[in-house]
Each structure stands twice: as structure tokens, then as C-alpha cells.
Amino acid sequence: MKTQENGSSEESPKRSVILCVDDELIILRGLKEQLKSAFGKSYQIEAADSAELALQIVEECNQAGIHIPAILSDQVMPGIRGDEFLIRIQETNPNTKKIMLTGQASAESVGNALNKANLYRYLSKPWDSNDLLMTVKEAVRSYESDISLFELNKKLEEALLYNRDSGLPNLESLRRRLDLATEEREDSLLALIRIESTSLTTRDFGVSLYKDLMKKFLDSMKSILGNYGEIFHVYEDEVAILSKVQEEEFLPHLIAFRILLRSDYFTASGISFRINATIATAGGKKDLYYKARLALVKASQEPEFDSEAGIYSYSEKMDDQDLYKINMDLGKRLNQAIHSGNIVPYFQGIMDNQTGKVEKFECLARIVEDGKVYAPASFLYLAKSTGLLRRISPILFEKALKKFSDSTYSFSINLSETELESPSFPKWALSRMEHYGINPSRVTFEILETASFHGNPERLKVIAELKELGAKIAIDDFGVEHSNFSRLLEIQPDFIKIDGKFIQSLERNRTAFILTSAITELAHRIGAKVVAEFVSTPEELKVVRSLGIEYSQGYLIMQPSPDITPVSIKIIE
């Protein structure tokens with residue numbers, strides 16, 4: 001880094017920079033030596049005798065990717081004043097902690113820096129050396145903490161936007177991309193490709209071979225369609241391509257890919273496979289995924305309906321004739337289940353990773369009808385849209401309390417936004433727990449990570465009151481949707497349940513491992529215990545235990561059951 005005679009280094013420092021700015025060279029040199037003595041082993045101390053020169057240094061650091069944790073600036077300088085300089089720094093380096101050192105600053109200039117430059121602290125000249133060093137130390141620590149949380153949140157989001165096996169953007173990426181296109185009113189064409197032979201291939205040859213086959217399929221798709229749109233790996237058996245080119249230009253290439261699938265074979269582990277796939281498309285400015293999925297469903301129900309070379313296109317008549325009818329039928333079934341008492345809790349054990357014993361259970365909603373069991377995915381979305389969720393949650397809670405009144409196990413149950421918005425819920429919950437003789441300390445209320453607290457202080461109040469009763473609070477599915485670490489400060493949970501996407505990727509995805517480790521360490525620092533969700537293999541359990549995670553939940557431990565079943569797993573050290 002090239003600078004004037006001001007004590008700065010001649011070469012760009014590789015370490016983070018603490019920058020001093022003062023037009024009085026004696027003060028500047030003394031300040032630099034003082035900081036160098038205290039921080040020189042870990043940070044590069046730079047000095048500038050004018051705001052103009054300091055701006056050049058900051059620009060060079062930014063271009064080189066060098067962090068600037070703290071800037072100390074005088075106020076009264078020729079040319080650009082200190083407060084003006086710090087305001088300009090705020091525009092380019094908002095995370096840098098800004099400290100004003102001056103004996104002549106007016107209240108107006110300090111206020112200006114506070115309001116527009118996010119001033120970290122003001123120190124009067126002559127300053128106390130210990131106070132100065134302590135201020136800089138805390139400023140640097142605060143900066144590094146902010147950057148660490150920002151980068152962790154960024155990695156967290158990236159892990160949720162890409163398929164862990166193929167590395168391609170996933171369903172969440174597609175949704176965000178479609179939302180952006182809707183906002184910008186862009187015409188797009190979306191094609192969904194569903195592989196029909198997934199379950200058979202996996203059953204007969206295993207997951208590993210299927211993944212190898214899927215990679216070859218995606219490579220072929222990229223070579224034929226990659227220049228015409230963005231490819232998304234939506235689910236294990238579903239791929240999407242979002243195109244901006246005209247339909248008449250894109251469709252022939254899609255048909256060519258369809259012909260290739262029907263006529264060619266893909267080889268994996270020395271075995272040739274022909275991949276059967278259904279392709280559906282939808283065009284326009286909004287709701288493309290919803291529309292393409294409707295066409296995909298229609299193709300499964302009526303393979304003979306209008307198509308061009310096996311490409312099924314969405315038409316508006318599908319909305320009224322199919323989706324509404326399906327939802328009407330499901331809505332009636334949901335009402336019937338509520339009235340007839342067919343909403344029941346199923347229980348899945350949560351195992352202590354040290355003892356290998358199930359110590360508590362999570363209560364999960366199910367509909368049992370004519371011997372069939374329906375999982376929440378088939379009815380909860382309608383329960384929310386109709387408002388019937390308000391009726392389901394109390395039924396589930398009441399039945400769970402009755403079940404556990406005859407045992408000593410603890411248990412957890414999901415808390416929906418309906419309960420969070422009800423100021424009377426804590427008192428009602430306490431009355432029902434007292435009725436069944438259950439101490440609140442046995443109950444954990446799980447808050448879905450999808451629940452939003454922005455602009456809803458009453459929800460935080462409900463959580464606080466539940467904790468005052470002695471109940472525990474858990475954040476469920478941590479790592480998705482609204483995940484950020486400020487939420488931990490708001491809720492102060494007793495448990496953090498790490499989303500299964502990360503747990504299932506621990507063995508083969510280093511990013512998932514790092515993020516899970518970081519979330520676990522952070523949880524422990526705030527006094528929360530950690531539950532790993534979706535633990536399905538002994539290998540995953542081994543990694544989970546190595547990270548110091550206290551509890552595991554998943555099919556390896558036990559599948560959801562209508563009964564409370566004592567379970568233990570032999571822990572091999």
C-alpha cells in the first residue's frame with residue numbers, strides 16, 4: 001500500500017487494518033505507536049495525516065479485501081472534517097467501528113457523526129491511554145463478532161439454496177427467482193421434469209447408484225438445455241429449468257431432450273438405464289411453479305390430455321376443475337376429522353446421546369381415517385388457510401396431556417402462530433396441565449423457525465409467560481426461513497433443534513458440518529441444548545455425538561407411533 005510520509009507501510013498488509021487519522025503529525029505518530037504496541041501482533045496499524053489520504057487507504061483496503069475493524073479520527077482537520085469523513089466511511093464500510101478523538105468537536109459535529117456515521121464512541125483529547133486501548137479493543141471485538149455472524153448467516157442461507165448432492169440451486173432458489181421475476185413483471189417459461197423411475201432404481205440398486213445416474217442425467221440436461229435457461233434441482237426426482245427465451249425457440253430443444261430420454265440410455269456402475277420422465281411447462285409472469293405443477297399432476301392423471309411430443313402445458317381451466325376440487329374434498333375431510341375426533345397425536349422419541357435412551361417425545365399431528373394415517377403435509381396448509389388450525393392445536397395438546405398423565409416422560413408440542421397471538425394461551429395451557437397433573441417443566445413448546453416475530457411483540461410476551469410457568473421453549477427447524485442469530489436473543493430458547501437438511505449432509509458436506517458445529521457452539525454459549533433432527537443412520541449419529549449435540553431425533557431412533565414406546569440404542573464409543 002503506497003502512502004505519504006505518515007508511518008504507513010509501503011506494501012499492502014495482509015492483516016486487518018486499524019486506521020488512525022489526524023493532521024497533527026506528533027499526535028498521529030504517538031497514537032500509532034500506542035496502538036502498534038497493543039495490537040501490532042494481530043493487526044496492521046495504518047496512519048493518515050488527512051481525511052483525503054485516509055479515504056485512499058480505505059479504498060485500497062476494500063479493493064484488496066482487507067478488513068478495517070476500527071478507524072480513529074480527529075474532528076478538526078483542514079479539508080474534509082472528521083464527521084464528514086466518518087459519514088463517507090459509513091457509506092462504504094458500514095461495519096467498521098468509528099471512534100472520534102478530538103478536544104474541539106462541537107455538539108453538532110458529534111451528533112452528526114452519531115446519527116449519520118453510526119459513531120461507536122467519542123473520546124476527548126487528551127485521552128486516557130487505558131480508556132483508549134479498552135475502547136479500541138471492544139470496538140475490534142464488536143466488529144469481528146458482527147462479521148462472524150454475518151458470514152455464518154450467509155453460509156447458512158447458501159446451504160439452504162443449493163441441492164447438497166448436485167450443487168445446483170434448489171426449490172428455495174427457484175421460488176426466490178420466480179418471486180423476483182414476478183416483481184419485475186418478466187415473462188418466463190418454466191419446465192418441470194419429474195423422473196418417474198426413481199423409487200424403482202433406488203429400491204433395486206441403492207441410493208449411491210441413483211445419485212450417479214442423476215449426475216449423468218443432469219450433465220446431459222446441461223449440455224442440451226443449459227444455454228436456454230437456469231437449471232434447478234428441485235427435489236431428488238424433480239428438476240426445473242427457467243427460461244427467458246421465447247417459447248417457440250425453447251420448446252424444440254425441450255422436445256429434443258425428451259426424445260433423447262426416450263431413445264438413449266445412461267450408464268452407471270456398468271449398467272444401462274433408460275430414464276422415464278414427465279415434462280410439464282407453464283409460461284407467463286406469475287405463479288409459474290404452481291401452474292407447472294398442476295400440469296404435472298394432470299399429466300399423471302390423464303396421460304392422453306393435450307401435449308406436444310410428450311410436453312404437457314398448463315392451461316387456465318386446470319385451476320377451477322382440479323385444484324379447487326381437490327382442496328374442497330380435503331377441506332371437507334379435515335372438518336370431518338375434527339368433528340369425529342380423528343385428529344390424533346403420534347409420538348417420536350428424542351434420545352439422550354450420552355445414555356442412548358429416549359427421555360422425551362415430540363407430539364406430531366396426524367389424521368386417522370378408515371385405517372389410513374395422513375401426515376401433516378396433506379392437511380396443515382388447508383388448516384392454516386381455513387383457520388381450522390386454531391381448533392386442531394388445542395385438541396392435539398389436550399390429547400397429549402392425557403397420554404402423558406400416566407407416565408413420567410417429558411414431551412414437546414408445536415406452538416402455531418395462532419397460540420402465539422393469543423394472550424390468554426399461557427393461562428389456558430397452565431389450567432389444562434394442572435387438570436392432568438403435569439408439571440409445566442415436563443412440557444416443551446416448539447416454535448417453528450417459519451414463525452415471524454417482526455412487528456409482533458405480543459408473541460414474545462406469550463413465550464415469556466410460558467417460560468415463567470416453568471415450561472421449556474425450543475426453536476424448531478433452526479437453519480431455515482427466518483433463521484438469524486438475533487432471534488436467539490429475542491426468544492432465549494432452552495433447546496435448538498437443527499434442521500434435518502444439515503444433519504443429513506454432515507458426512508459429505510463440509511459446509512453443513514461447519515454450520516452445524518457453529519450453531520451447536522453458539523447454542524451452548526447461550527445456555528441452550530441442541531437436538532439433531534432427521535438422524536437416520538448410525539454414521540449420522542456418530543458425527544452428531546462428536547459435535548457435542550445432546551439429543552437426537554429421527555427414524556434411526558424411532559418412527560412416529562400412536563404409543564409412547566420406551567426405546568434405547570446401544571451407544572458405541
Side chains of Gln559 and Gln348, donor plus acceptor under 3.5 Å:
no

Less than 4.5 Å apart, side chain to side chain, heavy atoms only: is that true for Ser410 and Thr444?
no

With side chain to side chain contact (heavy atoms under 4.5 Å, CB included) as the test, would you mind laying out the steps for Lys286 and Glu183 before giving the verdict?
CA-CA 9 Å; Lys286 64 179 183 177; Glu183 289 176 9; over 6 Å; no

Can you name the ring pair (Phe, Tyr, Trp, His ring centres under 6.0 Å) partners of Tyr409, sequence neighbours left out?
Phe361

How would you list all residue pairs meeting ring-ring contact (aromatic ring centres under 6.0 Å, His included) that involve residues 512-534, not counting sequence neighbours?
none

With a 4.5 Å limit on heavy-atom distance, are the side chains of Leu19 and Val58 in contact?
yes

Assess the residue pair Glu138 and Arg141 against the criterion (side chain to side chain contact (heavy atoms under 4.5 Å, CB included)); give the C-alpha distance rounded to whole Å, side-chain angles, the decisive distance to 0.1 Å, and a yes or no.
CA-CA 5 Å; Glu138 290 300 321; Arg141 181 183 298 171; 3.3 Å; yes

Under a 4.5 Å cut-off applied to non-hydrogen side-chain atoms, are Val443 and Met433 in contact?
yes

Heavy-atom pair of closest approach, residues Ala471 and Phe445:
CB-CE1, 3.7 Å

Donor-acceptor side-chain pairing of Tyr143 and His67 below 3.5 angstrom:
yes

Glu419 versus Ser416, side-chain donor and acceptor atoms under 3.5 Å:
yes

Under 4.0 Å between a side-chain nitrogen and a carboxylate oxygen: does that hold for Asp352 and Lys357?
no

Shortest non-hydrogen contact from Ile68 to Ile71?
CG2-CG1, 3.8 Å

Which of Tyr346, Phe404, Phe347, Tyr436 passes ring pair (Phe, Tyr, Trp, His ring centres under 6.0 Å) with Phe411? Answer is Phe404

Partner of Leu541 by side-chain contact (heavy atoms from CB on, under 4.5 Å), out of Ile503, Leu556, Ile549
Leu556

I'd like to know if the side chain of Asn170 reaches the main chain of Ser173, judged simply by a donor and an acceptor atom lying under 3.5 Å from each other, with no hydrogens or angles considered.
yes

Given Leu415, Val531, Ile473, Asn414, the one that forms side-chain contact (heavy atoms from CB on, under 4.5 Å) with Glu446
Asn414

Within-4.5 Å side-chain heavy-atom neighbours: Pro169 and Glu230
yes

Quick one: does any side-chain atom of His233 pair with a main-chain N or O of Tyr235 as donor and acceptor, under 3.5 Å?
yes

Quick one: pull up CD1 in Ile496 and OG1 in Thr520 and give me the separation to the nearest 0.5 Å.
8.5 Å

Looking at Lys97 and Glu144, does any basic side-chain N land under 4.0 Å from a carboxylate oxygen?
no

Identify the heavy atoms of Pro426 and Leu469 that sit nearest to each other, and give their distance.
O-CD1, 3.5 Å

Is Gln553 close to Met351 at the side-chain level, that is, under 4.5 Å between some pair of heavy atoms?
no

Quiz question: by atom type and distance under 3.5 Å, do the side chains of Ser517 and Glu521 form a donor-acceptor pair?
no

Salt-bridge contact Lys402-Glu398 (side-chain N to carboxylate O under 4.0 Å):
no

Would you please name every residue forming a salt bridge (Lys or Arg N to Asp or Glu O under 4.0 Å) with Asp406, sequence neighbours left out?
none

Do Thr418 and Arg390 get their side chains close enough for a donor-acceptor pair, meaning under 3.5 Å?
no

Indicate whether the side chain of Gln90 and that of Lys116 have a donor and an acceptor atom separated by less than 3.5 Å.
no

May I ask you to decide if Tyr555's main-chain N or O and Ser536's side chain share a donor-acceptor pair within less than 3.5 Å?
no

Could you grab the distance from atom CG of Asp499 to atom CG of Leu515, nearest 0.5 Å is fine?
12.0 Å

Quick one: closest heavy-atom pair of Leu133 and Phe39, and the distance?
O-CZ, 3.7 Å

State, with a plain yes or no, whether a side-chain heavy atom of Leu242 is found less than 4.5 Å away from one of Arg177.
yes

List the steps and the verdict of side chain to side chain contact (heavy atoms under 4.5 Å, CB included) for Tyr551 and Lys529.
CA-CA 8 Å; Tyr551 298 98; Lys529 294 183 178 180; 4.1 Å; yes

So which heavy atom on Val530 is nearest to which on Glu550, and how close?
N-OE1, 2.9 Å

Value rounded to 0.5 Å, distance of CD in Gln492 from CD1 in Ile475
10.5 Å

Is a side-chain N or O of Arg459 found less than 3.5 angstrom from the main chain of Leu420, in a donor-acceptor match?
no

May I have the step-by-step check of side chain to side chain donor-acceptor pair (under 3.5 Å) for Ser340 and Asn342, ending in yes or no?
CA-CA 6 Å; Ser340 60; Asn342 290 339; 2.9 Å; yes

Between Glu362 and Lys497 (salt bridge meaning N to carboxylate O under 4.0 Å), is one present in this structure?
yes

Asp83/Arg88 salt bridge by N-O under 4.0 Å criterion
no

For Asp131 and Arg121, what are the C-alpha separation, side-chain angles and deciding distance, and is it a salt bridge (Lys or Arg N to Asp or Glu O under 4.0 Å)?
CA-CA 11 Å; Asp131 190 21; Arg121 190 167 173 191; 3.1 Å; yes

Give a yes or no on whether Lys467 atom NZ has more than 12 heavy-atom contacts from other residues, nucleotides or ligands under 6.0 Å away.
yes

Find out whether Asp128 and Leu132 are in side-chain contact, i.e. whether some heavy atom of one side chain is under 4.5 Å from a heavy atom of the other.
no

So CD1 of Ile99 and OG of Ser73: to nearest 0.5 Å the spacing works out to 10.5 Å

Are the side chain of Arg15 and the backbone N or O of Lys41 linked by a donor-acceptor pair below 3.5 Å?
yes

Could you go through Ile89 and Lys98, starting from their C-alpha distance and side-chain angles, then the distance that decides it, and tell me whether this counts as side chain to side chain contact (heavy atoms under 4.5 Å, CB included)?
CA-CA 9 Å; Ile89 293 298; Lys98 305 158 195 76; 3.8 Å; yes

Do other residues, nucleotides or ligands put more than 12 heavy atoms under 6.0 Å from the NZ atom of Lys211?
yes

Within 45 degrees of the axis of the six-membered ring of Phe495 and under 6.0 Å from its centre: does Lys360 put its NZ or CZ there?
yes

Does this structure show an ion pair linking Glu539 with Lys542, if we count only N-O contacts that are shorter than 4.0 Å?
no

Specify the closest pair of heavy atoms between Phe502 and Phe478, including all atoms of both residues, with the distance to one decimal.
CE1-O, 4.1 Å

To the nearest 0.5 Å, how far apart are CG in Leu101 and OG1 in Thr135?
9.0 Å

Would you say the side-chain atoms of Asp563 pair up with the backbone N or O of Thr565, donor to acceptor, closer than 3.5 Å?
no

Look only at the side chain of Asn509 and the backbone of Ala512, and say whether a donor-acceptor pair between them is shorter than 3.5 Å.
yes

Nearest 0.5 angstrom please: Leu190 CG to Leu174 CG, how far?
5.5 Å

Do the side-chain N and O atoms of Asn439 and Ser441 include a donor-acceptor pair separated by under 3.5 angstrom?
yes

